[in-house]
Protein chains: 2
Amino acid sequence: MPQIVGLLGERIRNLRKENNITIEEIAFKAEIDAQNLRKYELGKQEMKVGMLKRIATAFSITTSELLNFDILKENEE
Amino acid sequence: MPQIVGLLGERIRNLRKENNITIEEIAFKAEIDAQNLRKYELGKQEMKVGMLKRIATAFSITTSELLNFDILKENEE
DNA sequence: ATATAACAGGTTGTTTATAACCTTTTATTC
DNA sequence: GAATAAAAGGTTATAAACAACCTGTTATAT
């Protein structure tokens, strides 16, 4: 599982906690399955970009902002 | 196919043209299949976020920058 | 201590991404 | 016009995303 999957999961969970909402609630807003959203947060399932967009929209942010944790690494392995 | 797939495809193609490289070349750098990259550019296949990261890295940018075309829409249908 | 809410772990059928193959078409170079 | 490069269109076996189901665990409220 690519590293970015876990980092994105943490980002989504942090956003959710900051907004004081449950997995069920944000999954409903994003019109996605709550069980899958849980797996995304835990880094246990990789999502497609369509899902990325829906989750970002549910948080009222862009996909770019949702991925703002991403950085360029020197000397990529 | 979600709208963002087509927009992302255009973004990738524009980046590639700006850098004056072929589909084969950037696919090699990203360590992905050239045929699949072509489909992404044409908006004919939806990619996972792991692929997004690899493509962004191949262009020496972050995934956030790769998705900077994304905007928040008012009154989402 | 009990009940409920929220979260976590696991599974399954269907659809689709991925790696990889091939042929055809278009663009570029000479 | 011919040869080559680049792009486009199509296909397939395998793995995994997705929707959805279920049971178990932890946190919270009373």
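The sequence lines fix the lettering, A, B, ..., with proteins before strands; numbering per chain opens at 1.
- The residue A:Gln35 sits close to a base: some heavy atom pair falls under 4.0 Å.
- Between B:Lys48 and the phosphate of D:dA16, there is no side-chain N or O to OP1/OP2 separation shorter than 4.0 Å.
- With distances taken from any side-chain atom of A:Ile32 to the nucleotides C:dA17, D:dA19, D:dC18, the minimum falls on D:dA19.
- At the heavy-atom level, B:Lys44 lies under 4.0 Å from the strands shown only through sugar-phosphate atoms.
- When the C1' atom of D:dA13 is taken as reference, atom CG of B:Asp33 falls 14 Å away, rounded to whole Å.
- Side-chain atoms of B:Asn19 never come within 3.5 Å of backbone atoms of B:Ile21 as a donor-acceptor pair (strictly under, hydrogens ignored).
- With C:dA20, D:dA7, C:dC7 as the choices, the nucleotide that has an atom nearest any side-chain atom of A:Arg38 turns out to be C:dC7.
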Could you walk me through whether B:Asp70 and A:Ser64 pass the side-chain hydrogen bond (donor to acceptor under 3.5 Å, both in side chains) check? CA-CA 7 Å; B:Asp70 190 31; A:Ser64 182; over 6 Å; no
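- Between B:Arg16 and B:Glu46, the one whose closest nucleotide on DNA chain D sits nearer the 5' end is B:Arg16.
- Taking atom CD of A:Glu24 as the reference point, atom C1' of C:dC7 lies 10 Å away to the nearest angstrom.
- Salt-bridge annotation for B:Arg16 and B:Glu41: present, with a side-chain N of the basic residue lying under 4.0 Å from a carboxylate O of the acidic one.
- The side chain of A:Asn36 places no N or O atom within less than 4.0 Å of a non-bridging phosphate oxygen (OP1 or OP2) of D:dC18.
- Considering only side-chain N and O atoms, A:Tyr40 lies under 4.0 angstrom from the phosphate OP1 or OP2 of D:dC18.
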Run the side chain to side chain contact (heavy atoms under 4.5 Å, CB included) test on A:Leu15 and A:Ile26 for me, step by step, so that the C-alpha distance in whole Å, both residues' side-chain angles and the decisive distance to 0.1 Å come before the verdict. CA-CA 10 Å; A:Leu15 271 171; A:Ile26 195 67; over 6 Å; no
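- The nearest heavy atom of DNA chain D to B:Leu42 and to B:Glu25 marks one nucleotide each, and the one closer to the 5' end goes with B:Glu25.
- For A:Gln45 and C:dC7, the CD to P distance is 18 Å, given to the nearest whole Å.
- Residue B:Met1 contributes atom CE, which lies 9 Å from atom P of C:dT16 at whole-angstrom precision.
- If you take CE of A:Met51 and P of C:dT15, they are 15 Å apart, rounded to a whole angstrom.
- Across the protein-nucleic acid pair, B:Phe28 atom CZ and C:dA20 atom P stand 13 Å apart, rounded to whole Å.
- Distances were taken from every side-chain heavy atom of B:Arg54 (C-beta onward) to each of C:dA8, C:dT18, C:dA19; the shortest belongs to C:dA19.
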Tell me, with the steps shown, if B:Arg11 and B:Glu65 meet side chain to side chain contact (heavy atoms under 4.5 Å, CB included). CA-CA 10 Å; B:Arg11 169 76 166 135; B:Glu65 192 174 341; 4.0 Å; yes
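- Per the geometry, CD1 belonging to A:Ile23 stands 17 Å off P belonging to D:dA20, to the nearest Å.
- The distance from atom NZ of B:Lys39 to atom P of D:dT11 is 10 Å, rounded to the nearest whole Å.
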